[in-house]
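Reviewing the structure listed below.
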Amino acid sequence: MADAKPIAMPAKPDGATGVLVLANGEVAWGRGFGAEGAAVGEVCFHTAMTGYQEIMTDPSFAGQIITFTFPHIGNVGANPDDIEADAPHALGMIVRQDVTEPSNFRAVERLDGWMKRHARIGLSGIDTRALTRRIRAGGAPNGVVAHSASGEFDLDALLEMARAWPGLEGMDLAKTVSTETHYAWGEAREGDVWRLGFGYGAAGEGERPHVVAIDYGSKHNIFRNLVKAGAKVTVLPAQATFEDVMAQNPDGIFLSNGPGDPAATGDYAVPVIRQLLDTGKPLFGICLGHQLLGLAVGATTTKMFQGHRGANHPVKRLSDGAVEITSMNHGFAVERESLPANVRETHVSLFDGSNAGLELTDRPAFSVQYHPEASPGPQDSLYLFEKFVGALR
């Protein structure tokens with residue numbers, strides 16, 4: 001796509017204050033909201049009907065511009081509880097309808113104000129169904145989303161920006177979104193993650209198995225659910241060494257979700273994971289953590305054509321044939337044909353048959369490609385946290 005020739009760009013319609021420019025020269029005009037400026041990244045689509053704040057703040061979306069297929073984004077406003085990181089990591093959002101006044105009693109501000117405060121660009125008035133079909137047919141393209149209140153844009157410069165961006169393949173983003181220091185996670189009380197009017201409580205007292213979580217770009221709700229399942233959680237940076245992890249005297253190790261190419265992050269993460277596996281301590285990975293575990297045992301990962309991003313993805317559990325409806329957000333996958341003899345495939349996507357889970361047969365380690373903590377999404381897979389923490393007791 002970077003070598004594509006420019007095509008005739010459509011004239012800017014009256015009132016257009018935002019534009020999407022793809023690397024092949026395609027242009028879509030709309031109305032900008034949130035921050036002004038331009039952002040370049042991979043343009044993907046997400047099918048969830050709820051949870052736009054959680055999606056925008058998921059660190060796994062670093063380097064990406066999200067097209068929401070559900071048209072009414074922003075109508076419940078924004079609030080400080082519905083976030084998965086301290087700030088948004090997605091570069092921007094593309095929506096069909098204009099953002100309206102909030103109509104939810106929990107809202108404390110409008111979505112466009114929240115986007116502006118966090119320097120994120122929004123674009124409304126786009127035919128998101130057509131854009132989604134274009135991504136499904138041609139793959140997730142590189143592109144630029146731009147907003148100017150004056151309606152003035154240098155399309156040639158935006159096109160060059162889109163073509164110059166190298167893409168997610170080969171890009172290590174985990175270390176850019178990870179924590180910079182280790183800390184003890186203190187949110188959520190056992191058996192009670194969130195209560196209306198009270199928010200998130202403190203973790204319960206008493207003896208708890210100790211989980212060291214390596215943060216490659218983790219969502220907060222993962223830590224909350226580890227605590228809810230009965231664990232004490234200490235979070236370490238993505239580039240933590242084997243010695244850093246073992247100095248915490250963990251009962252088990254958790255590998256978090258995160259953005260970017262697992263092969264690039266694996267340059268420093270995989271050797272550490274191999275050492276951790278040799279300790280015999282239980283290990284659990286999610287999303288990028290799943291891919292890194294796959295690499296650590298000798299499997300390979302590849303860039304997907306369009307990726308999986310949504311809150312209604314069916315996954316088959318091979319042990320009993322049960323179907324779990326899951327949340328997913330990934331653009332890379334573990335190649336199921338590359339799994340070594342000591343690895344059992346545990347889950348597969350019912351959309352395309354791609355690998356969605358694995359388990360080692362000779363060590364206590366397992367992982368899933370999807371997000372059992374949801375937020376947003378169904379809670380069919382919360383049992384995985386109890387399975388992991390139960391193995392530590």
Side-chain angles (χ1 to χ4, degrees), residues 81 83-86 178-258 269 272-287 289-290 292-293 296 346 357 359-368 371-375 379-393:
D81 280 349
I83 58 174
E84 289 298 328
D86 293 336
S178 175
T179 178
E180 295 181 356
T181 184
H182 79 274
Y183 63 93
W185 178 262
E187 275 192 10
R189 57 173 66 85
E190 186 172 10
D192 187 9
V193 174
W194 182 88
R195 288 193 298 163
L196 180 63
F198 294 90
Y200 297 102
E205 300 297 328
E207 195 67 25
R208 290 166 165 256
H210 185 201
V211 172
V212 168
I214 303 180
D215 175 19
Y216 302 113
S218 185
K219 295 167 64 178
H220 288 173
N221 208 42
I222 289 176
F223 300 148
R224 295 177 190 132
N225 277 285
L226 286 170
V227 171
K228 181 181 178 182
K232 177 178 70 173
V233 178
T234 299
V235 184
L236 267 60
Q239 293 178 286
T241 65
F242 173 75
E243 290 74 20
D244 293 334
V245 176
M246 298 310 295
Q248 301 296 322
N249 192 28
D251 296 305
I253 297 97
F254 174 76
L255 310 177
S256 86
N257 65 293
V272 175
I273 295 170
R274 287 174 176 160
Q275 289 178 289
L276 292 171
L277 288 171
D278 288 341
T279 68
K281 293 182 180 292
L283 186 148
F284 175 31
I286 287 175
C287 198
H290 163 77
L292 292 173
L293 177 60
T346 59
E359 186 173 37
L360 273 65
T361 59
D362 55 356
R363 280 164 287 185
F366 70 99
S367 60
V368 291
H371 283 260
E373 84 291 342
S375 191
Q379 300 181 353
D380 296 21
S381 307
L382 288 179
Y383 72 91
L384 292 170
F385 293 100
E386 297 172 356
K387 172 184 174 179
F388 174 56
V389 176
L392 309 181
R393 294 187 183 279

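In this chain, residues are counted from 1 in sequence order. Heavy atoms only: backbone and side chains are in, while hydrogens, waters and symmetry mates are out.
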What's the separation between atom [atom1] in [X] and atom [atom2] in [Y], rounded to the nearest 0.5 Å?
X	Y	atom1	atom2	value
Thr279	Met246	OG1	CE	5.0 Å
Gln379	Asn225	CD	CG	8.0 Å
Glu84	Ser218	CD	OG	8.5 Å

Taking all non-hydrogen atoms of both residues, which atom of [X] and which atom of [Y] are closest, and how far apart?
X	Y	result
Ser256	Gly217	OG-N, 3.6 Å
Ala269	Leu292	CB-CD1, 4.0 Å
Pro372	Leu384	CB-CD1, 4.0 Å
Phe385	Ile222	CE2-O, 3.9 Å
Ala231	Arg208	O-NH1, 2.9 Å
Phe223	Ala213	CE2-CB, 3.6 Å

Whether the side chain of [X] engages the backbone of [Y] through a donor-acceptor N/O pair (distance < 3.5 Å, no angle test) should be reported.
X	Y	result
Asn257	Lys219	yes
Lys281	Leu392	no
Ser178	Pro237	no
Asn221	Glu373	yes

Take a 6.0 Å sphere around CD of Gln275 and say whether it holds more than 12 heavy atoms from other residues, nucleotides or ligands.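 Result for CD/Gln275: enclosed.
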
Can you confirm whether more than 12 heavy atoms, excluding those of Glu180, are under 6.0 Å from its CD atom?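 Counting neighbours around CD of Glu180, 12 or fewer heavy atoms of other residues, nucleotides or ligands fall under 6.0 Å, so no.
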
For His220 and Trp185, take the angle between the two ring planes, folded into 0 to 90°, and tell me which bin it lands in: parallel under 30, tilted 30 to 60, perpendicular over 60.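 The rings of His220 and Trp185 sit tilted, inter-plane angle from 30° to 60°.
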
Using 30° and 60° as the class limits, which term best fits the ring planes of Phe284 and Phe388: parallel, tilted or perpendicular?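 If you compare the ring of Phe284 with that of Phe388, the planes turn out tilted.
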
Of the options Leu236, Val245, Val211, which is the one that meets Ile253 in a side chain to side chain contact (heavy atoms under 4.5 Å, CB included)?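 So, applying the side chain to side chain contact (heavy atoms under 4.5 Å, CB included) to Ile253 and each of Leu236, Val245, Val211, only Val245 qualifies.
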
Decide yes or no on side-chain contact (heavy atoms from CB on, under 4.5 Å) for Leu360 and Leu277, but give the supporting numbers first. CA-CA 10 Å; Leu360 273 65; Leu277 288 171; 4.2 Å; yes

Does Lys387 make a cation-pi contact with Phe366, if we ask for NZ or CZ under 6.0 Å from the ring centre and within 45° of the axis?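 Flagged: Lys387 positioned over aromatic ring of Phe366.
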
Checking side-chain polar atoms at under 3.5 Å, does His210 have a donor or acceptor matched by the opposite partner on Thr234?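 The criterion, which ignores hydrogens and geometry beyond distance, is satisfied for Thr234 and His210.
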
Would Asp278 and Arg363 pass as an ion pair if we require N to O under 4.0 Å?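 Answer for the salt bridge query: yes.
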
Checking salt bridge (Lys or Arg N to Asp or Glu O under 4.0 Å) for the pair Arg393/Glu207: CA distance, chi angles, key distance, verdict? CA-CA 10 Å; Arg393 294 187 183 279; Glu207 195 67 25; over 6 Å; no

Pair Leu255, His290 - check side-chain contact (heavy atoms from CB on, under 4.5 Å), show working. CA-CA 7 Å; Leu255 310 177; His290 163 77; over 6 Å; no

